[in-house]
Amino acid sequence: MTKVNKLEKTRKMEYNFRDVEKKWQHHWQEHKTYRVFIDHEKPKYYVLDMFPYPSGAGLHVGHPLGYIGSDIYARYKRQKGYNVLHPMGYDAYGLPAEQYAIQTGQHPAITTEKNIKRYREQLDKIGFSFDWDREVQTCDPSYYKWTQWTFIQLFDHYYNRKTQKAEPISELEKVFARSGNVDVDAACGHITPFTAVEWLKMNEKQRREVLMQYRLAYLADTYVNWCPKLGTVLANDEVKEGFSVRGGHPVERKKMQQWFLRITAYAERLLEGLEHIQWSESLKEIQKNWIGRSEGATIFFPLKDRAESIEVFTTRPDTIFGATFMVLAPEHELVEQLTTDQYRNAVQKYMKMAGTRSDRERMAEVKNVTGQFLGGYAVHPFTGKDIPVYIADYVLAGYGTGAIMAVPGHDSRDHAFAKHFNLPVVEVVKGGDLSEGSYDDKEGTMVNSGFMDGMDVPGAIRTVTRQLEEKGTGKAQVNFRLRDAIFSRQRYWGEPFPVYYKDNIPYVLPESKLPLELPPVDKYLPTETGEPPLARAKNWQTDDGYPLECNTMPGFAGSSAYYIRYMDPKNNNRLASKEAVTYWENVDLYVGGAEHATGHLIYARFWNKFLFDIGVTVKDEPFQKLINQGMIQGRSNFVYRVKGSNRFVSLNLKDKYDNTPIHVDVNIVDNDVLDIEAFRKWNPEYADADFILEDGKYICGWEVEKMSKSFHNVVNPDDLIEKYGADTLRLYEMFLGPIEQAKPWDTKGIEGVFRFIRKLWRLYHNRDNVFEISHEPASPKEKKILHKCIKKVSEDIERFSFNTAVSAFMVCVNELTDAACRKRDILEPLSVMIAPFAPHIAEELWHLLGHKASVALADFPVWNQDLVTDETTIYPVSFNGKTRFKLEMPADSNRDDVEKAALAAPEAQKWLAGKQPKKVIVVPGKIVNVVI
RNA sequence: GCGGAUGUGGCGUAAUUGGUAGCCGCGCCAGACUUAGGAUCUGGUGCCGAAAGGCGUGGGGGUUCGAAUCCCUUCAUCCGCACCA
């Protein structure tokens, strides 16, 4: 028989995954098996994956890891009787498509659509149980209508600190007309107090300017990294040493008007909410640090001979008598006034230098102390002494008030600055040695501090804060590191703002004008005058001729509420109906990468809290439980080229030659053995390569690196599905290790689960590959195998330990094979149980067993505890903690029986060696330990 | 610098509450069936040792009858955040 015939015969004799998987994928799609509706008879469960940005490269093997995990859980919950919402969609706005558009002139919508199509094909092949009827795309006008709608709501609301929630601006206006703003406690920008009379006297423009300080979406000036050559704003990591990473053009800091979201209003609630959600402690910690709550005081230092004062925030008001100088951020508004003529040149020089450096660079050079004296002085609120004022890089405009009182005795950065500029260092808290460095600890007795002398630090903080409040020169203050989110992007491929300008005042469009669709443009670049690309659009104005906003929204806009839209994706009248949000509430399980810890996961929580305040959602937190899937790293292979030749030397011989390691495509390496022919074909350069082999093979080296095209270590799921099938891929991805752990991808182990799938199939089929099962009742032994597996798998799924669940299936199938069990009683529940992991083969077996409905809706089996309990217990008997032999005892033996039997066992004599045991520890059901 | 993890066979890992360290799989070794095997099946496989036995969860110390698991200390790797007043 020829080789081909043999192969064909073998194939016929085993599980044909290609046909089976195709058949069921088609069937599921046709019958909309996974479609879901509100069903008040069933409890709901919402399983969500972070939706992907459809990049041009398609999916690699790392992307579906989380999707597979969540799909298993969703399928499991469905079989447990829940009504499961498990949707998927696309985060379709993004820079790569825009960049591609700039280069090729092709509209980003076209590339995006193409990429989505490719993603969908890849996803479909893996057999997910998504309800695709609920798909959303953030760039679809019917979707971003609601992104724009939410923006309008943010614009029309302010945050009332008294009620701790967002309330309509219209209500605020009523309050202003009644009693001015003095009684209003709101999250707002800088605003001077006014009375009702003053409010009523203001014209529309003045009123709108005041209101802008209160809105949750507001316009304000900020400094950005502006690249005139690219005509665009760059992110911190797009700038290196004052030049753009792309193109190397100079970048300057430019003041620019941008939209902001007042996320800081929600800082306290964002922090508090963490207490009520099931996220990993490490992730909560990251969010806590990001929000960065700190308690302290704001203190006003009056300027010498002037009316103004410098406002500082400090966590250590107790050290105020140690404040020997003050430092402002270079951008601080009082810099100009405090600069004396004598220092004007130097200050300007310093500011210019600081201006060319990005925040990131300023932060990177910690050891480099720089700064400049302004010439001006402030006055110490308690001693009345003059305090020199400096500007320095190490004070950031965006944190606190952008100014500090410097206490070199008790702050290491102030100390370094004082040493550098020869400024006095005063000790106010005893406990350190100031000649060595600052003493930053909060323990010690106050000295040199007037009324605080002799107090401990916490007492001093309380006392000085009270004093400041009485004097009216300061107050207790909670400060957050969190900053308001910049919400404008000078880009094309994003949601247009539903905003127009009348007399330079921004107004939002009425809801009836939504969606405001993204207009076509001739080029995707900024205009020559530096306007964003939308300025190129023809007639970019309202019907009345008022110009529309030219900025677009950032990526997080569309991804902040998509989970709500999935609940009711086709609704034209609301983001989602009241009925839908009341039923689906929020996401029970959210799965995605930890890289979104401070971006998406903060913004979405904020966005949701706002929607909660205005009654759109019913839960304060959007994502009840969160699992971060670990990153799948690549496992790169290397060949070693002998320098100056086209010879390659095998791994263990390489040190005998002067060689260069070269990445080689992992797809032509099997078990670290290079496929030499494939290598020659891989790159024409190597067509004539020759090899120094070991044991007749070329062995490649390997290393774990990021999975990336440039390292030639990308593994494509399509190839694996073609070779092994989707069920095998799903099982293998789970088998790799705990879902939350980062781990390298190595294809070689996939054969093991492939064998398992075929072994499973053979349980239901005879030697001729014909379906054949027995209807005899199962033996107790067989039942035990099954029920142990049900227990283990159920418990493992509940705790997201999918790798051990796969292992339990393998044990079960091995044992059933050994027991030659082909009984329906056993095999039927087994096919149901494996369906979440390997849905295709499960569906096929389920139908072969005679069922008509999908296995996806079959009840997940329940284990019987009596069947899994062993009648005997095997006790390991140890002497001084070392296990020496095993003792089988009836499971209900009591302590004494076990002890007696252990000491009486023939093996025990050897270890006792005639001695009397000092103590015998018996843990019933577990262990015996004899101490001698 | 701060914070968060993680260190277990050649490799991925398991050990759910302090109770037999190494389940399951890969790889490797041997064998069976084969003209053949990159198919399938069977057995073996932590390390040292001929065996008895000893040693073993990054290193060192501790608590305990008993530690991969708890405590202290140290080293290594990875990931966040980074002059936060």
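Numbers restart at 1 for each chain; the letters A, B, ... are given by sequence-line order, proteins then strands. Atom set for the values below is all heavy atoms of this structure, side chains included, hydrogens, waters and symmetry mates excluded.
For B:G25, neither phosphate oxygen OP1 nor OP2 lies less than 4.0 angstrom from any side-chain nitrogen or oxygen of A:Arg755. Phosphate contact (OP1/OP2 of B:C41, side-chain N/O of A:Arg762, threshold under 4.0 Å): present. For the pair A:Asn289 and B:G4, the criterion of a side-chain N or O lying under 4.0 Å from OP1 or OP2 is not met.
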>> For nucleotides 52-57 of chain B, give me one character per nucleotide, 5' to 3': B if any protein heavy atom sits under 4.0 Å from the base, S if the only such contacts are to the sugar-phosphate, - if neither.
In response: SSSS--
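A:Arg799 comes within 4.0 angstrom of a nucleotide base, judged by non-hydrogen atoms across all strands. Contact annotation for A:Ile921: base contact, defined as any heavy-atom pair under 4.0 Å involving a base atom. Among the protein residues, A:Arg758 comes within range of the sugar-phosphate backbone only, with heavy atoms under 4.0 Å from sugar or phosphate atoms but none that close to a base. Among the atoms of the strands shown, base atoms are found under 4.0 Å from some heavy atom of A:Ser807. Within the 4.0 angstrom heavy-atom criterion, no nucleotide atom of any strand lies near A:Lys791. When heavy atoms are screened at a 4.0 angstrom cut-off, A:Val811 is found touching the sugar-phosphate backbone but no base atom. Using a 4.0 Å heavy-atom distance criterion, A:Pro738 is classed as a sugar-phosphate-only contact. At a threshold of 4.0 angstrom between heavy atoms, the contacts of A:Glu595 with the nucleic acid are absent.
Judged as a salt bridge (charged side-chain N to carboxylate O under 4.0 Å, His left out), and not counting sequence neighbours, the contacts of A:Arg635 are A:Asp672, A:Asp746. With sequence neighbours left out, the salt bridge (charged side-chain N to carboxylate O under 4.0 Å, His left out) criterion links A:Glu888 to no other residue. With sequence neighbours left out, the salt bridge (charged side-chain N to carboxylate O under 4.0 Å, His left out) criterion links A:Glu722 to A:Arg18.
Relative to the side chain of A:Glu285, the nucleotides B:G3, B:U16, B:G12 differ in distance, and B:G3 lies closest. If you check B:C83, B:A15, B:C24 against the side chain of A:Asp393, the one that comes closest is B:C83. Which of B:C65, B:C24, B:A85 sits closest to the side chain of A:Tyr399 comes down to B:A85.
Taking the six-membered ring wherever Trp is involved, the centroid distance between the rings of A:Tyr724 and A:Tyr732 does not fall below 6.0 Å.
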Between the protein and nucleotides 66-70 of chain B, which nitrogen or oxygen pairs come in under 3.5 angstrom?
none

Report, one pair per line, the protein and nucleotides 58-60 of chain B atoms (nitrogen or oxygen only) whose separation is under 3.5 Å.
none

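By the 30° and 60° cut-offs, the orientation of the rings of A:Phe325 relative to A:Phe417 is parallel.
No hydrogens or angles were tested; on distance alone, a donor-acceptor pair under 3.5 Å links the side chain of A:Lys886 to the base of B:U20.
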